[in-house]
Amino acid sequence: MPETPEIAQNSYNEDSILTLSALEHIRRRPGMYIGRLGNGAHPDDGIYVLLKEIIDNSIDEFIMGCGRKIEVTVDVDSGRVSVRDYGRGIPLEKLVDCVSLMNTGGKYNSDVFQYSIGMNGVGTKAANALSSYFKARSVRDGKFREAEFARGILTSDNSGTCEERNGTYIEFIPDGEKFPDYKFKMDYVEKRIWMYAYLNVGLSLHLNGERYCSAKGLADLLETETGDERLYDIIYFRSKQLEFALTHNDNYETSYSFVNGQYTSDGGTHLSAFKEGVLKGINEYSGKSFKADAIRDGMIGAIAVKVKEPVFESQTKNKLGNTDVRGPIVSAVSAAVADYLHKHKEIADTVIDKVLRNEQFHKQTQDAKKKFRETAQKTRLRIPKLKDCKYHVGDKWPRKVEPKETMIFLTEGDSAAGSLEKKRDVDNQAIFALRGKPKNAFGETIEMIYKNEELTFLMQALGVEDSTENLRYDKIILATDADVDGLHIRNLLLTFFLSFFSDLVLSGHLYVLETPLFRVKKGKDIIYCYNEAERDKAAGELGKCEITRFKGLGEISPDDFGEFIGENMRLSPVTLDNMHGVHDVLKFYMGDNTPERKEYIMNNLEVVDYE
């Protein structure tokens, strides 16, 4: 029974006030320092942030002209990670303080680190505190000092002489208590290493012995990401503090942004200024007044800037907040783009042709929207099949309510929606019930999508009709059955998002809800199992028990559902590094039937006998 207000008030006294050490605060509130925790299934999970924080320090050494080689090893089986650079090495007398004492480091001195990523002396300390084992070794002029820690607590400290090259060596094992069942995915690690290479021309990175380097910086990045899908050669510009590259294709828009060698996945003021500069440059060259969406549709761009005092919106440094960078970036980008187009008329003609086609497309889109709104029921006050939540992205939560990530479940029919509705958190969990299988959106025009009420209502529910920047929820969760029909619906929804709202997928907003296949029960003991191995293990633990096989979400009772849409909810992120090749994959699986697809199905068909 919950406490009455009187009891709660009486229990709040001087003993309730806690003062935590920096180490205790990191371990108790890790999200403030590294964002999400996770188990390594998502590229933004905490174990990758720990690795990034260590590599960032080595990158800072390279930026300052000290050390052109960084060695990284990741042992997937043991979880052990090491990073060795050949920079100046941490001053030996301050080694322990630099890796364990908050607000200690050389980044506060702009003469020592002019364009560093780390500014607050936090990252390495967080990696130390959140690791079951952490070792720091610094070598300077024939002398070394080596310190070992366990969950941030110093366990050994040694020093002496050696013949090693100057530099810093960090080794750590993420703490299994904070990252249960974690495992590094080398694809994610390799992607990060490549980003460092593209941003730091002349730097040689070695991951598990394999070398990564780039000769043309962001131009190399765009060549890799676009393949043969780009409409014209990459426009590339580089100065002391600014580098950018851009091109167009006919399928999707993608942007990459960096600050001081740091990938800012959520963009920020520098990315907004870059896009504004491209628009201004093309308008200046053409003498027209094109709108932003006509320029940006199909644009693949990348920008990297060096900022002496970067202001990030969180410790994870995913979004730049400096407002003073806008003017210089807009001016430099617009001038460089206009100058390039004047000097390369063939490319300029291709750019203008693409922009004009985009304009026509947007006119058709607006006409389709207008027709739909005119034919829709004028008396409709809400979106059918949407059970909305109270708060959305950007809303201000009440002072006494802790803000949460907002999410919308796209469910298969009313029965699953009914179970969800009874157990959802009305503050942050919305539900949109699909009416059977949605339309296959591959190869369709936006006019045809607007003729489909269900997909139109879905766009309206998400708030993305005019721009994906207006998305009302942090997470879009596909909640379909684990049978053939459910998987088909999931694929149809993925096709819709990839065809018309690919940036929602690229920016990590799309997820799949993992629901248990079995319930193993003995008396009051209940274990939910997501595969046969978990089922067999649970049955072995409980002994003689009752095993229920869930065939669909609609068969799961609200009481059961409440167990796995709350704190223990399992979500599989839908992740893509880029859209290169996606159109061909969709065409093969979701396009017209072809002999090639029939042959593929016949060669990969599995026939399972069920007893």
Side-chain angles (χ1 to χ4, degrees), residues 56 59-68 110-117 119 194-205 213-226 230 232-248 254-264 267-285 295-296 299-312 317 319-344 347-348 351:
D56 284 352
I59 296 294
D60 287 340
E61 287 293 310
F62 170 77
I63 291 174
M64 292 305 297
C66 304
R68 301 173 63 86
S110 59
D111 293 331
V112 180
F113 290 95
Q114 293 182 1
Y115 299 109
S116 65
I117 302 171
M119 299 297 294
W194 267 124
M195 287 299 182
Y196 283 120
Y198 293 136
L199 265 294
N200 299 277
V201 174
L203 173 65
S204 177
L205 296 112
C213 61
S214 171
K216 296 185 291 182
L218 294 185
D220 282 341
L221 169 61
L222 259 59
E223 283 187 11
T224 301
E225 299 300 318
T226 59
R230 57 183 179 272
Y232 54 87
D233 290 341
I234 294 168
I235 299 174
Y236 180 66
F237 172 84
R238 185 176 184 180
S239 66
K240 185 176 180 180
Q241 293 178 305
L242 171 67
E243 179 185 6
F244 73 82
L246 72 97
T247 186
H248 278 84
T254 309
S255 298
Y256 303 91
S257 60
F258 308 85
V259 177
N260 297 350
Q262 162 74 27
Y263 176 45
T264 45
T269 49
H270 59 321
L271 181 58
S272 299
F274 168 62
K275 293 180 178 181
E276 184 180 345
V278 173
L279 170 64
K280 187 176 179 181
I282 292 177
N283 281 339
E284 180 181 323
Y285 165 79
I295 303 293
R296 295 174 187 174
M299 188 179 88
I300 303 98
I303 179 174
V305 295
K306 292 181 179 179
V307 182
K308 280 193 175 183
E309 296 290 341
V311 177
F312 296 103
K317 307 181 184 76
K319 189 173 184 178
L320 184 70
N322 296 65
T323 57
D324 57 331
V325 303
R326 176 188 168 275
I329 292 176
V330 171
S331 177
V333 171
S334 61
V337 169
D339 180 67
Y340 188 95
L341 295 178
H342 279 295
K343 293 178 179 178
H344 301 81
I347 289 179
V351 171

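In what follows, every heavy atom counts, from backbone to side chain, and hydrogens, waters and symmetry copies are set aside.
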Taking all heavy atoms of [X] and all of [Y], pick out the closest pair and write down the distance.
{"X": "Ser255", "Y": "Lys275", "result": "OG-CE, 3.3 Å"}
{"X": "Ile234", "Y": "Tyr340", "result": "O-OH, 3.9 Å"}
{"X": "Arg238", "Y": "Val201", "result": "NH1-CG2, 3.6 Å"}
{"X": "Ala302", "Y": "Leu221", "result": "CB-CD2, 4.1 Å"}
{"X": "Ala245", "Y": "Ala219", "result": "CB-N, 4.2 Å"}

Which residues share a ring pair (Phe, Tyr, Trp, His ring centres under 6.0 Å) with [X], sequence neighbours left out:
{"X": "His270", "value": "none"}
{"X": "Phe62", "value": "none"}
{"X": "Phe237", "value": "Phe244"}

Q | side-chain contact (heavy atoms from CB on, under 4.5 Å), paired with Val259, selected from Leu271, Val307, Val311 | A | Val307
Donor-acceptor contact present, side-chain [X] to main-chain [Y], <3.5 Å:
{"X": "Asp220", "Y": "Lys216", "value": "yes"}
{"X": "Asn200", "Y": "Ile63", "value": "no"}
{"X": "Thr269", "Y": "Arg326", "value": "no"}
{"X": "Thr247", "Y": "Tyr232", "value": "yes"}
{"X": "Arg68", "Y": "Gly202", "value": "yes"}

What I'd like to find out is whether the side chain of [X] reaches to under 4.5 Å of the side chain of [Y], using heavy atoms alone.
{"X": "Phe258", "Y": "Leu320", "result": "no"}
{"X": "Tyr285", "Y": "Val351", "result": "no"}
{"X": "Thr254", "Y": "Thr226", "result": "no"}
{"X": "Val325", "Y": "Val305", "result": "no"}

From [X] [atom1] over to [Y] [atom2], what is the distance, rounded to the nearest 0.5 angstrom?
{"X": "Cys213", "Y": "Trp194", "atom1": "SG", "atom2": "CH2", "value": "6.5 Å"}
{"X": "Ser331", "Y": "Lys280", "atom1": "OG", "atom2": "NZ", "value": "6.5 Å"}
{"X": "Ile282", "Y": "Met299", "atom1": "CD1", "atom2": "CE", "value": "8.0 Å"}
{"X": "Ile59", "Y": "Leu199", "atom1": "CD1", "atom2": "CG", "value": "8.5 Å"}
{"X": "Arg230", "Y": "Glu223", "atom1": "CZ", "atom2": "CD", "value": "5.0 Å"}
{"X": "Leu218", "Y": "Met195", "atom1": "CG", "atom2": "CE", "value": "9.5 Å"}

(Q) Looking only at side-chain N and O atoms, does Thr264 offer a donor or acceptor that is under 3.5 Å from a partner on Ser257? (A) yes
